[in-house]
Amino acid sequence: MTSQSVRIIFPIGMLGGGITEETLAHGIALGADAIAVDGGSTDSGPHYLGSGVAKTSRGSLKRDLRAILVAGRQAGIPVVVTTCGTSGTDSGVEWVADIAREIAAEEGIDFTLARIYSELSRATVLEALAAGRVEALEPAGPLEAATVESCAHIVGLMGHEPITAALAAGADLVLTGRASDTASVAGIALGRGIAPGPVWHAAKTVECGSQCTTDPIGGGVLVEIDDAGFTVHPLTDSAAATPMTVAAHMLYENADPYRLREPGGTLDTSAAVYTALDERVTRVEGSVFEPAAQATIKLEGAAVGGYETVSLVGIRDPHVLAHMDAWLARFAGELARRVRSHLGLEDGEYDAELRAYGYNAVLGALEPGGEPPREVGVLFRARAADQATATAIAKVANPLMLHLPLEGMTHLPSFAFATSPAEIERGASYEFVLQHTIAVDDEGELFRTEYEEVHARG
Amino acid sequence: MARQTLDEVADLVRAKNAGPFWLTLDVFLPDEQSYERVLASDVVDPAVVARLYRTSADAVRVFPMPALRAIKISFPRPVTQGSFADRDMHSGQQHVLLAAIEVPEAIPAASAS
């Protein structure tokens with residue numbers, strides 16, 4: 001054991017999910033040195049990066065940010081929020097910074113704010129591509145310049161380095177653009193000079209808050225990290241951090257359960273040993289960090305794939321449900337014919353799809369099948385180069401969704417539409433198009449930090 | 001002898017995205033015996049997993065984790081997360097195909113002969 005350690009509160013998996021003042025107070029009573037929380041993820045899809053708009057509502061984000069900012073100021077400890085605004089675009093950082101300034105005025109608190117931006121211009125990425133500094137990650141192929149040109153937004157995933165630098169410069173609140181889930185805890189602990197093996201493993205363990213405990217929706221955890229290992233303390237009485245729950249989190253949302261790549265190297269947990277200190281607290285030792293020969297920054301980019309319109313209809317008629325495959329096939333054939341004749345569009349000029357919820361909508365072609373269901377919700381989706389065309393296709397589909405009989409039926413059935421109008425315009429539909437890295441000489445070189453003194457009164 | 005599926009043998013079978021381009025399946029077993037039993041079954045055969053998920057066996061990575069009595073299986077997502085053809089944004093329901101695999105009874109130790 002060593003005398004040097006750092007204690008960090010990680011109250012929740014995502015800022016805006018509902019942090020409680022009680023658990024923060026509990027963590028501070030345990031001697032917390034900092035509060036860290038993640039503000040985003042790619043897990044809800046490409047829309048948030050593509051549009052630069054957050055998934056979380058302003059109200060819930062402000063509520064949670066107020067809780068950690070007030071607790072942090074009272075205790076005199078820094079607060080780090082990574083991947084602001086769900087995707088970490090510059091607009092996401094600005095959005096959270098504005099809310100922080102508002103809270104400062106309302107609560108009468110002062111602090112030094114660091115904003116770390118991670119959005120990259122297309123020109124920056126094209127330059128790196130031309131210089132041979134871009135590599136593909138499996139399963140992507142080599143990056144094409146046209147793919148970069150198509151991106152609405154591109155962000156680089158920062159590691160700990162810019163966060164460590166901002167804390168060293170005296171920031172009380174650090175708001176970052178896109179960062180790896182582990183960057184906040186690592187940024188705090190590596191800045192204290194603690195060994196990287198325990199730091200990165202601790203960071204990965206607590207990145208979803210209570211998920212590494214027996215109560216995944218509990219009030220978060222406090223992690224204490226030193227040079228030999230780390231210890232996880234749950235912050236709610238209902239939760240226990242057991243060797244099993246702590247070790248299991250290494251598997252979560254991670255393709256390889258032992259190895260985790262960060263910008264400067266790879267965490268290897270294959271030799272880690274998990275020991276229960278008591279019924280609720282677990283200690284981990286033996287994790288190793290292997291520095292990489294070349295530091296790399298992973299990229300995320302989202303491009304518009306088209307504009308989408310959807311309609312939802314319910315089918316309850318058991319005669320139709322008994323022959324769903326035939327009905328769906330007839331629909332698809334009839335739709336293609338009508339879109340061609342009514343709108344003059346060929347197959348490759350648009351996308352249209354039926355998803356029969358209750359029948360095979362989730363697994364699609366992988367569905368092993370079964371009995372006819374009691375009812376089926378048929379979601380129709382059309383995507384085209386512009387919104388008007390997508391809606392026109394949905395309008396061509398409308399009479400089929402309302403009335404399409406099975407072959408041989410001598411009457412027109414009418415199905416159960418969910419909404420009026422039936423067409424719901426979804427706007428731009430984005431896709432993730434980058435799975436690549438940029439080689440860098442310095443882990444901080446793609447990121448920009450701006451400091452600001454925020455005062456209670458303007 | 002009663003037939004059992006992975007779902008019946010395991011404590012938990014779950015699926016999730018590992019980023020927008022990878023899908024990962026986690027299997028947690030209750031004891032050493034069931035862990036060994038699943039390790040000897042089709043569940044960890046990349047060819048079986050590839051057939052089930054209509055992907056290439058070469059892309060399937062299987063990680064036995066004896067200390068946790070867990071098995072992890074990962075492969076590139078057949079369709080990119082959130083693209084037009086994606087039916088499961090978080091890959092949250094993709095475990096059911098693996099969970100339905102039949103797991104044979106453990107073969108008794110060599111003393112049986």
Side-chain angles (χ1 to χ4, degrees), chain A residues 41-50 137-140 157 243-248 250-259 269-274 298 300-302 305-306 308 350-353 355 357 360-368 379 381-383 429-435, chain B residues 11-12 14-30 49 51-56 58-101:
Chain A
S41 167
T42 57
D43 211 32
S44 293
H47 172 81
Y48 307 100
L49 176 59
L137 294 173
E138 203 188 354
L157 260 84
M244 198 57 117
T245 62
V246 168
M250 226 5 239
L251 276 73
Y252 193 65
E253 294 181 339
N254 194 12
D256 183 325
Y258 294 118
R259 295 175 68 77
T269 66
S270 53
V273 177
Y274 303 78
K298 191 176 170 195
E300 288 172 358
E308 200 174 309
Y350 68 98
D351 297 298
E353 190 192 39
R355 286 187 190 170
Y357 280 91
N360 65 1
V362 177
L363 294 179
L366 303 179
E367 180 58 61
L379 180 72
R381 302 168 69 226
R383 184 174 72 164
S429 152
Y430 295 93
E431 302 202 336
F432 286 121
V433 293
L434 297 181
Q435 167 80 338
Chain B
D11 274 344
L12 173 67
R14 70 180 181 192
K16 199 76 175 50
N17 293 332
F21 300 92
W22 281 81
L23 194 162
T24 190
L25 300 154
D26 298 337
V27 181
F28 293 90
L29 285 316
V49 174
R51 249 197 324 276
L52 215 50
Y53 290 92
R54 305 209 186 155
T55 186
S56 151
D58 296 341
V60 176
R61 303 171 69 191
V62 179
F63 301 92
M65 306 184 75
L68 267 183
R69 296 192 303 267
I71 297 162
K72 191 171 187 58
I73 300 170
S74 305
F75 48 86
R77 233 174 171 285
V79 287
T80 303
Q81 179 202 2
S83 61
F84 189 76
D86 185 24
R87 289 167 174 263
D88 188 354
M89 187 65 62
H90 301 80
S91 294
Q93 290 293 296
Q94 301 300 309
H95 62 289
V96 296
L97 294 169
L98 191 79
I101 292 183

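Since we're looking at a predicted model, the values are computed, not measured. Chain A is the first sequence line, chain B the second, and so forth, proteins listed ahead of strands; every chain is numbered from 1.
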Let me know if L23(B) has heavy atoms under 4.5 Å from chain A in its side chain, its backbone, both or neither. neither
Who wins among M89(B), R69(B), M65(B) for the most heavy-atom pairs under 4.5 Å with chain A? M65(B)
Residue part contacting chain B, namely of A352(A), when any heavy atom lies under 4.5 Å: backbone
Between P76(B), S83(B), P20(B), which has the largest tally of heavy atom pairs under 4.5 Å with chain A? P20(B)
Side chain / backbone / both / neither for S44(A) at chain B, heavy atoms under 4.5 Å: both
R61(B) versus chain A, the contacting section by heavy-atom distance below 4.5 Å: side chain
Heavy-atom pairs under 4.5 Å with chain B, option from E431(A), R381(A), M244(A) with the top count: R381(A)
Please work out whether the ring planes of H47(A) and Y430(A) are parallel, tilted or perpendicular, with thresholds of 30° and 60°. perpendicular
Need one label for A85(B): side chain, backbone, both or neither, based on atoms under 4.5 Å from any heavy atom in chain A. backbone
Quick one: list whatever passes ring-ring contact (aromatic ring centres under 6.0 Å, His included) with F21(B), sequence neighbours left out. none
Taking side chain as everything from C-beta outward and backbone as N, CA, C, O, which of these in A365(A) sits under 4.5 Å from a heavy atom of chain B? Side chain, backbone, both or neither. both
Under 4.5 Å between any side-chain heavy atoms of V27(B) and L25(B), yes or no? no
Should Q435(A) and E138(A) count as side-chain neighbours, where that means a heavy-atom distance under 4.5 Å? no
Residue among P139(A), P257(A), A247(A) with most heavy-atom pairs under 4.5 Å to chain B: P257(A)
Heavy-atom distances under 4.5 Å only: say whether L434(A) touches chain B with side chain, backbone, both or neither. backbone
Under 4.5 Å from any heavy atom of chain A, what part of T80(B) do you find: side chain, backbone, both or neither? side chain
Turns out that what part of S429(A) lies under 4.5 Å from chain B's heavy atoms comes down to neither
Okay, R14(B) and chain A: the region with an atom under 4.5 Å from a heavy atom over there is side chain
Residue Y53(B) versus chain A: region with a heavy atom under 4.5 Å: both
Part of E308(A) within contact of chain B (heavy atom distance under 4.5 Å): side chain
Contacts of Y350(A) meeting ring-ring contact (aromatic ring centres under 6.0 Å, His included) (sequence neighbours excluded), chain-then-number -> none
The interface call for L68(B) against chain A, heavy-atom contacts under 4.5 Å, is both
